[in-house]
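Everything below concerns the one structure shown next.
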Protein chains: 2
Amino acid sequence: MDDQQLRLNNQICFPIYSVSRLITKAYKPYLEEMGLTYPQYLLLLVLWERDELSINQIGEKLLLNTNTLSPLIKRMEKMNLLQRKRSKKDERSVFIQLTDKGKALKNTAAPIPEKLLNTLLTEDVTVTEIMLLKDTLNKWSDILLEKQHSKD
Amino acid sequence: MDDQQLRLNNQICFPIYSVSRLITKAYKPYLEEMGLTYPQYLLLLVLWERDELSINQIGEKLLLNTNTLSPLIKRMEKMNLLQRKRSKKDERSVFIQLTDKGKALKNTAAPIPEKLLNTLLTEDVTVTEIMLLKDTLNKWSDILLEKQHSKD
DNA sequence: CACGATTTAATTTTGCGCGATATAAAAAAA
DNA sequence: TTTTTTTATATCGCGCAAAATTAAATCGTG
């Protein structure tokens, strides 16, 4: 058995998993100010770029299925951030439209990217894990590219 | 307002979030064969490296708190993968010990890293997202390092 | 038109993450 | 020794993720 391969830091699973949670945590205080959760923020990012998408189109952008999006959207409708509008053409599809409140949040969100960078700088563990993940990904992408070419 | 900054692909949140989910999904078929979920597998990776850790020590390695670990460990105890043992020296601490069944799973898990690599090669979306995240992280780590130095 | 197949959305169920809080044991302070 | 604080774990509640199921609408073919 290859013990080395099974070590926590030699697999891609752990670094990506922990950094993902650490990044979510770093965003949290700014999102809480706005009354948003992390996935809600991601959905708004999509809608701020392009409004009036169907649930399916949103799913394509966020790589999420309706079973995740449906409840998420319902909660956000209750918060008066968006509206669902059933399509006249195809009664099965629902199009999502930002409310004025939802549109206005874009201004509040504008300084977040800059603020986040500063937050990360104060969190040593997070920066360390990001660097580890960076190295892991660079190593993995080399391996992936090499394997891809050897198949041609 | 800086529209560019708020675009989905220019923030670190989305790439890390989606790749994390894609990687979890790639592991899933192999873990299902073993009857494990993703976090359960991570916990086993830790215990295969070093058995008899306290819940606290496990939390440090996985960057998880007891509010996540406690129920996780209880489920795995029911599956007969591990045992909890309250320390005699310090009655507050609970030490986790693999059962024979838990130890044996290590052999089943051994080929997973190799298999995963091949799985990733067949999933274009995942590889694309990994490459995007790699670029994003390389850019971010440059920015982080530069900012760190300018503070000294 | 009829009817089965397909597509799409919603619902249900299970298992995390994590903030807030609780509880009990151990250590430190008074 | 008593009180206070700290530490280790557990519990609760909410919000995702995602598989499986259900329901509704549309399409394809005869």
- Message: Counting the atoms with a prime plus P, OP1 and OP2 as sugar-phosphate, which does B/Phe95 contact under 4.0 Å by heavy atoms, base, sugar-phosphate, or nothing?
- Response: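 Counting heavy atoms under 4.0 Å across all strands, no contact is made by B/Phe95.
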Between [X] and [N], does any side-chain N or O lie under 4.0 Å from OP1 or OP2?
{"X": "B/Arg75", "N": "C/dT14", "answer": "no"}
{"X": "B/Lys74", "N": "D/dA10", "answer": "no"}
{"X": "A/Arg84", "N": "C/dA10", "answer": "yes"}
{"X": "A/Arg21", "N": "C/dC18", "answer": "yes"}

Kindly say whether [Y] contributes a backbone atom to a donor-acceptor pair with the side chain of [X] at under 3.5 angstrom?
{"X": "B/Lys61", "Y": "B/Leu47", "result": "no"}
{"X": "B/Gln57", "Y": "B/Ser54", "result": "yes"}
{"X": "A/Thr126", "Y": "A/Leu120", "result": "no"}

- Message: Please report the interatomic distance CG(A/Leu132) to OG(A/Ser18), rounded to the nearest 0.5 Å.
- Response: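 Output value for this atom pair is 8.5 Å.
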- Query: Which distance, rounded to the nearest 0.5 Å, do you find between the CG of A/Leu42 and the CD1 of A/Ile58?
  - Reply: 12.0 Å
- Query: Nearest of D/dT9, C/dC16, C/dA25 to any side-chain atom of B/Ser93?
  - Reply: D/dT9
Measure the distance from [atom1] on [X] to [atom2] on [N] and round it to the nearest whole Å.
{"X": "B/Gln57", "N": "D/dT9", "atom1": "CD", "atom2": "C1'", "answer": "14 Å"}
{"X": "B/Ile96", "N": "D/dA8", "atom1": "CD1", "atom2": "P", "answer": "15 Å"}
{"X": "B/Lys88", "N": "C/dA25", "atom1": "NZ", "atom2": "P", "answer": "15 Å"}
{"X": "A/Ile58", "N": "C/dT8", "atom1": "CD1", "atom2": "P", "answer": "15 Å"}
{"X": "A/Ile55", "N": "D/dA18", "atom1": "CD1", "atom2": "P", "answer": "17 Å"}
{"X": "A/Leu22", "N": "C/dG17", "atom1": "CG", "atom2": "P", "answer": "13 Å"}

- Message: For a quick test of reading the model, state the closest non-hydrogen atom pair linking A/Val19 to A/Glu129 and the distance between them.
- Response: CG2-O, 3.4 Å
- Message: For A/Tyr38 and B/Tyr17, take the angle between the two ring planes, folded into 0 to 90°, and tell me which bin it lands in: parallel under 30, tilted 30 to 60, perpendicular over 60.
- Response: perpendicular
- Task: Name every residue in residues 23-43 of chain B that has at least one heavy atom under 4.0 Å from any atom of DNA chain D, in order of residue number, or write none if there are no such residues.
- Result: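 Heavy-atom contacts with DNA chain D come from no residue of residues 23-43 of chain B; none.
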- Task: Could you walk me through whether A/Gln11 and B/Tyr27 pass the side-chain hydrogen bond (donor to acceptor under 3.5 Å, both in side chains) test, one step at a time?
- Result: CA-CA 11 Å; A/Gln11 294 208 45; B/Tyr27 272 94; 2.9 Å; yes
- Between the base of D/dT7 and the side chain of B/Arg92, is there any donor-acceptor pair under 3.5 Å?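 Yes.
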- Item | Close approaches to DNA chain C from residues 59-73 of chain A, in residue order (heavy atom, under 4.0 Å) |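 By residue number: A/Thr66, A/Asn67, A/Ser70.
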- Ionic contact status for B/Glu77 with B/Lys85, cut-off 4.0 Å: no
